[in-house]
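Here's the structure, in structure tokens; my notes come after.
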Amino acid sequence: MQQFILNDGTSIPMIGFGTYQVQGEAGKNAIRTAVEAGYRFFDTASLYETERNVGAALRESGLSRSDFIIETKLWIDEMDDPKAALERSLRRLGTDYVDIYMIHWPRRTGAADEPWKEQDLETYAAMEKLVDEGKALRLGLSNFLPHHLKNILAHCRIRPVADQLELHPGYSQEAAVAYCRENGVLPVAWSPFGRGDKNSTTANAVLTALAEKHGKTVHQINLRFLLQKGILPIPKASSPEHIRANLDVFDFELSEEEVSMLSCMPQTAWLGEHPDYCIPTARSNPES
């Protein structure tokens, strides 16, 4: 698979496999299918409760651990002790290191007086020590907008290699992506199709027309749009057909006009979470 180059000079596949809600035996089977289809970059998080499935499926593949890039994230309620959080993740994954370790969310409450800048810096500094110990090879961030990212970049010793954001046509967050690009941080798209029936791009008329024109699915149009903007998508899928189809996006291109049109779409399929104003209330299960 084609690769993006990270700011530390290493490479990463241009498409990863997302594992949010990829749970149970069906979830493990989906990950096995993804490995067989050619995915080598797998994204998970302590909050997702899918780390065990990721670790088991990758071990059962018969491939070397070094053949895979595993990315996981610590949740809001784990920010005070990243070392303990990563140790739990490593046990669940069944590995002694992760390739990329991320802060999942920049703010815990969104309160006006929340000292989020200090909290983020303390968490990130503790994560830098985990790189020193070899338990994480690289660091990253998730849902960090420019003002959150700027805080880290101004004080970090080890630069984050990536920033995960909700990105898809209709929610392309142009300012955030531009800031990442200007600072050598790879933007990574979670929920590249929107999520669920209500928040999906599948039935969008513009995307449907482009899919028909190019002989592709709406999902493939979404992925191609992101790739041409230098964004690494991490789609999730459960059926073998969809898992394979999400890799079949390197044999066509959207025109400059089509990319511009999709970049300027009205807000569509936004999940409704925001790093400053609509913060999830979910809590992680340390035993999962």
Side-chain angles (χ1 to χ4, degrees), residues 1-7 11-18 20 34 37-43 69 142-143 145-146 161-271:
M1 187 188 299
Q2 297 180 42
Q3 309 272 313
F4 283 116
I5 304 300
L6 299 173
N7 61 27
S11 62
I12 188 169
M14 280 191 171
I15 298 179
F17 190 78
Y20 177 70
Y39 291 85
R40 294 296 181 265
F41 170 34
F42 290 83
D43 174 76
I69 291 179
S142 181
N143 300 296
L145 300 178
V161 297
D163 185 12
Q164 278 192 24
L165 298 160
E166 180 182 355
L167 297 170
H168 50 74
Y171 200 67
S172 54
Q173 301 207 66
E174 298 292 328
V177 170
Y179 190 81
C180 286
R181 188 174 293 114
E182 290 163 6
N183 288 278
V185 176
L186 178 67
V188 176
W190 63 261
S191 199
F193 312 136
R195 187 182 298 167
D197 294 334
K198 182 180 179 181
N199 289 308
S200 172
T201 56
T202 304
N204 180 271
V206 174
L207 289 162
T208 301
L210 285 176
E212 183 176 348
K213 173 184 174 182
H214 288 279
K216 293 290 183 177
T217 67
V218 168
H219 285 181
Q220 289 169 327
I221 296 296
N222 284 24
L223 295 174
R224 188 67 216 176
F225 165 74
L226 293 166
L227 289 169
Q228 287 185 221
K229 292 175 74 68
I231 297 167
L232 191 163
I234 45 172
K236 71 167 187 175
S238 55
S239 75
E241 178 185 9
H242 290 157
I243 289 170
R244 289 191 290 267
N246 289 340
L247 291 181
D248 186 22
V249 294
F250 294 100
D251 60 348
F252 78 106
E253 286 191 2
L254 299 172
S255 69
E256 182 179 349
E257 180 178 322
E258 290 167 339
V259 171
S260 176
M261 180 171 59
L262 294 179
S263 298
C264 298
M265 279 176 56
Q267 184 169 298
T268 303
W270 173 46
L271 183 61

message: Could you check whether any side-chain heavy atom of Pro233 comes within less than 4.5 Å of a side-chain heavy atom of Leu227, counting everything from C-beta outward?
response: yes
message: Checking the side chain of Gln220 only, and the main-chain atoms of Ala245 only, is there a donor and an acceptor separated by less than 3.5 Å?
response: yes
- prompt: Does a side chain donor of either Asn222 or Thr201 reach within less than 3.5 Å of an acceptor in the other side chain?
  reply: yes
message: Show, in sequence, the C-alpha distance, side-chain angles and deciding distance for Val188 and Leu165, and conclude whether the side chain to side chain contact (heavy atoms under 4.5 Å, CB included) test is met.
response: CA-CA 6 Å; Val188 176; Leu165 298 160; over 6 Å; no
field: Non-hydrogen side-chain atoms of Pro192 and Leu223 separated by less than 4.5 Å
entry: yes
query: Can you name the salt bridge (charged side-chain N to carboxylate O under 4.0 Å, His left out) partners of Asp43, sequence neighbours left out?
result: Lys73
task: List in chain and number order the residues that pass ring pair (Phe, Tyr, Trp, His ring centres under 6.0 Å) with Phe17, two or more places apart in sequence or in another chain; answer none if no residue qualifies.
output: Tyr39, Phe42
- prompt: Are Lys229 and Ser263 linked by a side-chain donor-acceptor pair shorter than 3.5 Å?
  reply: yes
task: Salt-bridge test for Asp163 and Arg181: reply yes if a basic N is under 4.0 Å from a carboxylate O, no otherwise.
output: no
query: What's the spacing between Leu226 CG and Met14 CE if we round to 0.5 Å?
result: 12.5 Å
- request: Can you tell me which residue pairs pass the ring-ring contact (aromatic ring centres under 6.0 Å, His included) test with a partner in residues 240-268, sequence neighbours excluded?
  value: His214-Phe252
Side chain to side chain contact (heavy atoms under 4.5 Å, CB included) partners of Gln228, counting only residues at least two apart: Arg224, Glu253, Leu254, Val259
message: For Leu271, is there any backbone N or O sitting under 3.5 Å from a side-chain donor or acceptor partner on Glu166?
response: yes
query: Counting heavy atoms not belonging to Gln3, are there more than 12 under 6.0 Å from its CD?
result: yes
- prompt: Residues two or more places apart in sequence or in another chain: which of them pass ring pair (Phe, Tyr, Trp, His ring centres under 6.0 Å) with Tyr179?
  reply: none
Counterpart residues, ring pair (Phe, Tyr, Trp, His ring centres under 6.0 Å), relative to Phe4 (two or more places apart): none
- request: Carefully, step by step, assess Ser172 and Glu174 under the rule side-chain hydrogen bond (donor to acceptor under 3.5 Å, both in side chains).
  value: CA-CA 6 Å; Ser172 54; Glu174 298 292 328; 2.8 Å; yes
message: Does Gln267 have more than 12 heavy atoms from other residues, nucleotides or ligands lying within 6.0 Å of its CD?
response: yes
